[in-house]
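Some notes on the structure that comes next.
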Number of protein chains: 2
Amino acid sequence: MDLSERKRKILQAVIDEYIGTAEPVGSRAISKRENLNLSSATIRNEMADLEDMGYLIQPHTSAGRVPSDEGYRFYVNSLMEKYQMGMEAIMELQKAFQMRITRLDQIIKYAGSIASALTDYATIITAPQRGLSMLRKVDLVPISNEKTMVVVVTDGVKSQVLDMPLSEEECEILSSAINKYLKGLTSKDVTTDKMSGIKEQIREKTKLDDDVLTRVLRFVFETITADEDAEIYVSNLQSILKYPEYRDVQKAGKMFSFLENKDNLRRLVMSDSGEGIHARIGSENDDEILKDCSLVTVDYSLGTGRGGKISVIGPKRMNYSKVFASLDTISGEIDKILRYYTDNG
Amino acid sequence: MDLSERKRKILQAVIDEYIGTAEPVGSRAISKRENLNLSSATIRNEMADLEDMGYLIQPHTSAGRVPSDEGYRFYVNSLMEKYQMGMEAIMELQKAFQMRITRLDQIIKYAGSIASALTDYATIITAPQRGLSMLRKVDLVPISNEKTMVVVVTDGVKSQVLDMPLSEEECEILSSAINKYLKGLTSKDVTTDKMSGIKEQIREKTKLDDDVLTRVLRFVFETITADEDAEIYVSNLQSILKYPEYRDVQKAGKMFSFLENKDNLRRLVMSDSGEGIHARIGSENDDEILKDCSLVTVDYSLGTGRGGKISVIGPKRMNYSKVFASLDTISGEIDKILRYYTDNG
DNA sequence: GTTAGCACTCGAAGGCGTTGAGTGCTAACA
DNA sequence: TGTTAGCACTCAACGCCTTCGAGTGCTAAC
């Protein structure tokens, strides 16, 4: 459906205005804008057309207009002006990221908090899904007379304290045996048969208690096979309280409960199949509760399937332009870091 | 100041009622309770007295009464009936804790979520301050051509990926050298002189690049000396939206911002010097924003200075009795686990 | 095609009377 | 002397009504 240049401008003006004020916008407000010199009457006619076309909605007869979901969609697709992030802001961002090149999950969390700081909306981030995790090393450390810590190194490190007394020598023996037999193990390799074979070999070699062996190996296998649900973080959730859309505490409360629930989040993020940066506006969301929210999502990845997503969630009248720009930049930065971090990994 | 038995009963009834309804309670409501057979007129007289004494407040002339901070204080100190946790609830709790004896910070986080589930208020928990952490083991794992992971085991495990190429053999040599010289090291031992001495020794022995050595050792020392700020978690923050006290979104928003800020939390928890379980009611809190909240805090510890705190934060009319009982039980369970966990540690 | 003008609509805000829960006081009662 | 019934009084909450004004659609003139 084609719109005349004038209609486009008017629609854009209405949405821009509404994004700023959250109040229905009237014809007078638009006609007072410098960029198009038309009387309010003309604007009214055009707005009536735009309403017929489904881009605007009138909450009631004597009110101004509010964008419909289709209106927002059109805006995002064709009208929105590119938001230019300030040079300092970008520098700032890069500096911030550089300071923190430590743990992966930290980077991601941090990225989330930056995203919400930039946009002032709530942010959902998923940590990169672990690809195939491969066992790099197992270590056993005596903790006390009765306890031993098992440290398993894959892409990350996992440790657990098990209730069993092992001497330093025993730890040494067991860990070197495990490392010998299991190094390079991936989740694909873990089958019950194979594993009990390996367990036998190790037992043979170490002469250790069966129970001890079982428990240590179980932890090792669990760590490798754990197709850990990609972790999900939410930050700046409380920002929704700032927006008049959520003046109603009930509503805000429901939203909180929904977004506090990791299952919901996961479903939300998973159901999103788009690539690159894209928005889901209002009714485009499946969840009833999100019908008057928009979700802007970008995925960061290395092209190797390893990656995650960052979503910004806010009222439908969010500042799409700014959100798109922020997410774009952030995901770029993350990509850079991750590529650096996992090269040849 | 002594209160007659009857006044005590009436005060208790008023507070119990108010805790349930959040509405000013009138004389009729009290007189209808079975446990004291008095007409509303008599109750009125007594309530007037209690108001004179400062335990009750009348929001306006023709309203019922609301407890004052002093009223709550008296209630908590002398009136409150002991809440008996159900046997099943306790069993449930114990089972829950037993399932999760893994990482310390996990236990604590978990305890926090249990506390908020039981009480339905927001919960603040501080992880135990690390005592003197002692180096147990250092491990080096080659990650790629250019990267090596350093794993440092103390009470917990910390790892970092450093940008340096080390072969497997080099890793082996370096880590065994470090383990030989540094095992058992505590933060007390870390002085510049001593450390550069040790570094020399290790270098002598391993013939490794000075830069590599410096970076690995720096991470090790940092890990040991890090007097990590006791970590602070908040859970169930959104529960405050449920209470009519926070029907006003503005207020709720302020509260959120306040409690999202870790500095505030830290200050809040630190300023609390009490031992055992205790409450801070309304104006007993220093922060203006908490003037109509109460904070119930319990510390869990091992008597060795190692320990943390759990606080429940809610409206002044919180169910003190239940909160006290829940926190008491939870802190007991944590104590048990921690004692078990760190015995001879 | 654009605009000025006008009648019309309807939510928001404010004024006003009613209602009812609750009080304090007084006088009678046990 | 303590308790209670009764009554006048208070005041927030609620609903009703009016007013106000922002905004509309339509018509007629430019």
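So that the names make sense, note that chain A is the first sequence line, chain B the second, and so on, each numbered from 1.
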Gap between atoms CG and P, on A/Leu36 and C/dG1 respectively (whole Å): 18 Å

Using whole Å, report how far CD of A/Glu5 lies from C1' of C/dG1. 18 Å

A/Asp52: which residues meet the side-chain hydrogen bond (donor to acceptor under 3.5 Å, both in side chains) condition with it, sequence neighbours left out? none

Please report, rounded to the nearest Å, how far the P atom of C/dT23 is from the CG atom of B/Asp52. 14 Å

For B/Arg28, the salt bridge (Lys or Arg N to Asp or Glu O under 4.0 Å) test, sequence neighbours excluded, returns none

Taken in chain and number order and not counting sequence neighbours, the residues that satisfy salt bridge (Lys or Arg N to Asp or Glu O under 4.0 Å) with A/Asp287 are A/Arg267

Go through DNA chain D and write down every stem, that is, every run of at least three consecutive Watson-Crick or G-U wobble pairs with distances under 3.5 Å, as range with range. C:1-30 with D:1-30

Output the residues of residues 43-50 of chain A in contact with DNA chain C, where contact means a heavy atom of the residue under 4.0 Å from an atom of the strand; sort by number or write none. A/Arg44, A/Asn45

Could you pull out every donor-acceptor pair under 3.5 Å between side chains of residues 288-298 of chain B and any protein atom, sequence neighbours left out?
| from | atom 1 | to | atom 2 | distance (Å) |
| --- | --- | --- | --- | --- |
| B/Lys291 | NZ | B/Asn285 | O | 2.7 |
| B/Ser294 | OG | B/Tyr320 | OH | 2.6 |
| B/Thr297 | OG1 | B/Asp272 | OD2 | 3.3 |
| B/Thr297 | OG1 | B/Ser311 | OG | 3.0 |

B/Ser331: which residues meet the side-chain hydrogen bond (donor to acceptor under 3.5 Å, both in side chains) condition with it, sequence neighbours left out? none

Sequence neighbours left out, what passes salt bridge (Lys or Arg N to Asp or Glu O under 4.0 Å) with A/Asp299? Give chain and number order. none

So does B/Thr42 get a side-chain nitrogen or oxygen closer than 4.0 Å to the phosphate oxygens (OP1/OP2) of D/dT3? no

For residues 251-258 of chain B, run the donor-acceptor check on the side chains, cut-off 3.5 Å, and write out each pair with its distance to 0.1 Å, sequence neighbours left out.
| from | atom 1 | to | atom 2 | distance (Å) |
| --- | --- | --- | --- | --- |
| B/Lys251 | NZ | B/Glu245 | O | 3.4 |
| B/Ser257 | OG | B/Gly253 | O | 3.0 |

Specify the separation, in whole Å, of atom CG of A/Asn37 and atom C1' of C/dT2. 13 Å

Tell me which pairs pass side-chain hydrogen bond (donor to acceptor under 3.5 Å, both in side chains) where either residue lies in residues 4-13 of chain B, with sequence neighbours left out. B/Arg6-B/Glu46, B/Lys7-B/Glu46, B/Lys7-B/Asp49, B/Gln12-B/Glu81

Closest approach of A/Ile281 to A/Lys316 (non-hydrogen atoms, all atoms of both residues): CG2-CD, 4.3 Å

Contact check, residues 8-33 of chain B vs DNA chain C, heavy-atom distance under 4.0 Å, returns B/Gly26, B/Ser27

Say whether B/Thr119 and B/Ser326, considering side chains only, have a donor N or O and an acceptor N or O under 3.5 Å apart. no

Taking all atoms of both residues into account, what is the closest heavy-atom pair of A/Ile15 and A/Pro67, and its distance? CG1-CG, 3.7 Å

Answer yes if the side chains of A/Ser113 and A/Ser116 hold a donor-acceptor pair under 3.5 Å, and no otherwise. no

Heavy-atom closest pair (A/Gly314 atom, A/Tyr121 atom, distance to 0.1 Å) is CA-CD2, 3.9 Å

Within residues 58-69 of chain B, residues whose heavy atoms come under 4.0 Å of DNA chain D: B/His60, B/Thr61, B/Ser62

